[in-house]
Chemist: 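Structure incoming, see below.
Counting convention: from 1, in listed order, for ligands and their atoms alike.
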Amino acid sequence: MQGIFESILLTKTFTTDLKVIKLVSTMKYTCLRGTKDILPEDMQYWHHIESISRNLFNYYNFEELRTPIFEMTELFERGIGDDTDIVEKEMYTFTDKGDRRITLRPEGTAPIVRAYLQNGLDKKSGQSKFYYCGPMFRYERPQAGRYRQFHQIGVESIGNEHPYADAEVIALGIHLFDEFGLTGLSVSINSVGCPVCRPVIEERLKQFIGSNLKKLCGDCQKRFDGRPLRLLDCKNKKCKTYLTGNSNIHDSHCHECADHFSSVIDYIEAMGIPFKIDPTLVRGLDYYTRTTFEIVSEHLGAQNAICGGGRYDYLVEQFGGKKTPAVGFAFGVERAVMVLKQHSDIIQKANPLIYLVPLGESNRPALFKLLNELRRNEFKCEIDYSGSDLNKCLKKANKMGASNVIILGDDEALSQTVIVKNMIKREQQLVSLDKVVDVLNDSK
Ligand code: AMP
């Protein structure tokens with residue numbers, strides 16, 4: 001804080017001394033690596049995504065639940081899993097002044113389940129459907145589409161074990177991206193089994209790897225004992241070759257998991273959603289059981305997953321509730337914005353600015369009255385405060401991208417009119433003060 005204050009003082013005191021100004025200009029503050037400012041010019045994309053999401057969540061009967069951005073560290077360690085990448089390497093964890101271990105949330109599911117139990121929402125009805133929007137934090141290596149602070153919008157459908165619930169959230173995900181106007185998306189889907197068949201799947205995988213274990217990457221070797229399923233989604237080319245020929249995960253599913261998966265597929269097929277089955281899609285969070293899915297965009301580079309989710313039938317129980325099945329997804333807003341920006345024609349042009357110029361102090365009150373009326377009629381307006389001459393005001397209006405300038409001088413005041421100057425068509429007309437709203441509406 002003191003630094004900012006000092007730099008302002010120096011700039012003011014030595015504005016004529018070029019050397020000092022140079023020195024001051026090197027005192028720059030920047031946001032931290034992996035974080036970014038979301039500038040006004042990008043807001044239309046964010047608002048587009050947020051407002052469509054809220055609308056659709058309402059149609060699908062999901063309600064908003066907001067949780068704090070920091071939680072007890074243990075919540076994520078237990079929920080996501082101790083030896084996952086997120087918990088091992090990526091969490092922003094610190095000790096607060098009261099010696100508590102605290103973590104900035106890296107994902108939304110564990111906090112939602114915590115809130116669901118803590119607030120007795122599990123007692124209310126058989127099924128609860130929540131959505132959330134907000135920042136998440138992961139200490140990852142930043143690159144295009146991967147940040148350390150990013151935003152997720154997600155849904156959690158808690159209390160419904162029916163395969164319809166899986167299909168419903170997948171349909172909602174696809175519906176959202178359709179409404180955003182995004183194309184080139186595909187759904188990959190898999191089932192990672194349940195506590196009955198998972199050990200069988202894992203054992204078969206371990207046997208298949210056998211003596212090749214030492215040839216796999218360090219991460220795979222580490223995961224081999226505790227989380228062998230994660231070997232399937234290792235991106236290392238060498239590891240992939242050693243896994244080629246491994247039996248399909250679906251061959252080891254128990255009857256219940258096989259039935260569940262085939263019903264999910266039937267439902268999404270019935271809804272006309274194109275998908276592909278990817279037996280290696282296991283995702284990086286430990287809580288998933290049965291269905292896992294991802295929506296991938298062909299318009300993104302290496303970080304092409306835009307949305308990921310799945311079923312987590314044991315997390316509520318693990319957090320102290322009764323056994324409650326659940327399924328959800330989250331998508332990354334930054335990645336959705338990146339795709340949307342490649343199709344900028346989708347976004348409706350923002351309400352253009354109308355700039356009001358009073359010529360002389362005595363004409364200011366009448367224009368203030370009009371300014372008020374225009375804003376109440378949903379026009380975006382600014383009034384000139386500078387008292388500069390008309391030419392300067394017109395230049396300023398142009399720079400601000402104004403579509404119309406409204407001018408009120410002494411002659412107009414006498415006749416209760418204003419000049420409405422259309423900056424795009426470069427034409428102007430004299431309009432009675434009580435007709436300005438109609439004229440602007442007509443020219444929209
Ligand atoms: P996950 O919580 O890992 O299942 O991720 C769900 C979605 O969040 C991904 O498909 C991405 O769109 C987004 N996402 C995850 N991590 C990041 C990150 N570090 N930066 C930007 N977006 C992310």
Chemist: For atom 19 (N) of ligand 1, which protein heavy atom lies nearest, and how many Å away is it?
Modeler: Glu140 OE2, 2.6 Å

Chemist: Is it true that Arg223 and Asp85 make a salt bridge, defined as a side-chain N closer than 4.0 Å to a carboxylate O?
Modeler: yes

Chemist: May I ask you to identify the nearest protein heavy atom to atom 20 (N) of ligand 1, giving residue, atom name and distance to one decimal place in Å?
Modeler: Tyr147 N, 2.9 Å

Chemist: Give me the ring orientation class for Phe70 and Phe94: parallel if the planes are under 30° apart, tilted from 30 to 60°, perpendicular past 60°.
Modeler: perpendicular

Chemist: Should you measure from each heavy atom of Ala330, which atoms of ligand 1 turn up under 4.0 Å away?
Modeler: 6 (C), 7 (C)

Chemist: Counting non-hydrogen protein atoms only, what is the nearest one to atom 18 (C) of ligand 1? Give residue, atom name and distance.
Modeler: Phe150 CD2, 3.4 Å

Chemist: Check contact between Glu107 and ligand 1, using heavy atoms of the residue and a distance below 4.0 angstrom.
Modeler: no

Chemist: Parallel, tilted or perpendicular: which one describes the rings of Phe331 and Phe329, with boundaries at 30° and 60°?
Modeler: tilted

Chemist: Does Arg138 have a heavy atom less than 4.0 Å from any atom of ligand 1?
Modeler: yes

Chemist: Examine the side chains of Ser252 and Arg204 and answer whether a donor and an acceptor come within less than 3.5 Å of each other.
Modeler: yes

Chemist: Relative to each other, are the rings of Tyr267 and His162 parallel, tilted or perpendicular (30° and 60° limits)?
Modeler: tilted

Chemist: Looking only at protein heavy atoms, which one is nearest to atom 8 (O) of ligand 1, and how far off is it?
Modeler: Gln152 NE2, 3.0 Å

Chemist: Fit a plane to each ring of Phe180 and His48, take the angle between them on a 0 to 90° scale, and name the class: parallel (under 30°), tilted (30 to 60°) or perpendicular (over 60°).
Modeler: tilted

Chemist: Does any pair with a residue in residues 50-60 pass side chain to side chain donor-acceptor pair (under 3.5 Å), and if so which ones, sequence neighbours excluded?
Modeler: Arg54-Glu64, Arg54-Tyr131, Tyr60-His175

Chemist: Atom 13 (C) of ligand 1: which protein heavy atom is closest, and how many Å away?
Modeler: Gly332 CA, 3.6 Å

Chemist: Arg146 side chain to Arg141 main-chain N or O, any donor-acceptor pair under 3.5 Å?
Modeler: yes

Chemist: Would you mind listing every side chain to side chain donor-acceptor pair (under 3.5 Å) that reaches into residues 111-122, with sequence neighbours excluded?
Modeler: Glu71-Arg114, Arg114-Gln118

Chemist: Give the residue and atom name of whichever protein heavy atom lies nearest to atom 4 (O) of ligand 1, and the separation in Å to one decimal.
Modeler: Arg283 NH2, 2.9 Å

Chemist: Which of the atoms of ligand 1 are close to Ala305, meaning less than 4.0 Å from one of its heavy atoms?
Modeler: 9 (C), 10 (O), 11 (C), 12 (O)

Chemist: Go through ligand 1 atom by atom and flag the ones less than 4.0 Å from a non-hydrogen atom of Cys307.
Modeler: 10 (O)

Chemist: Mark up the atoms of ligand 1 that fall under 4.0 Å of a heavy atom belonging to Gly145, in ascending order.
Modeler: 20 (N), 21 (C), 22 (N)

Chemist: Return the closest protein heavy atom for atom 11 (C) of ligand 1 as residue, atom name and distance.
Modeler: Arg335 NH1, 3.4 Å

Chemist: Could you tell me whether ligand 1 has any atom less than 4.0 Å away from a heavy atom of Met136?
Modeler: no

Chemist: Among all protein heavy atoms, pick the one closest to atom 12 (O) of ligand 1 and tell me residue, atom and distance.
Modeler: Ile306 O, 3.0 Å

Chemist: Would Lys36 and Asp42 pass as an ion pair if we require N to O under 4.0 Å?
Modeler: no

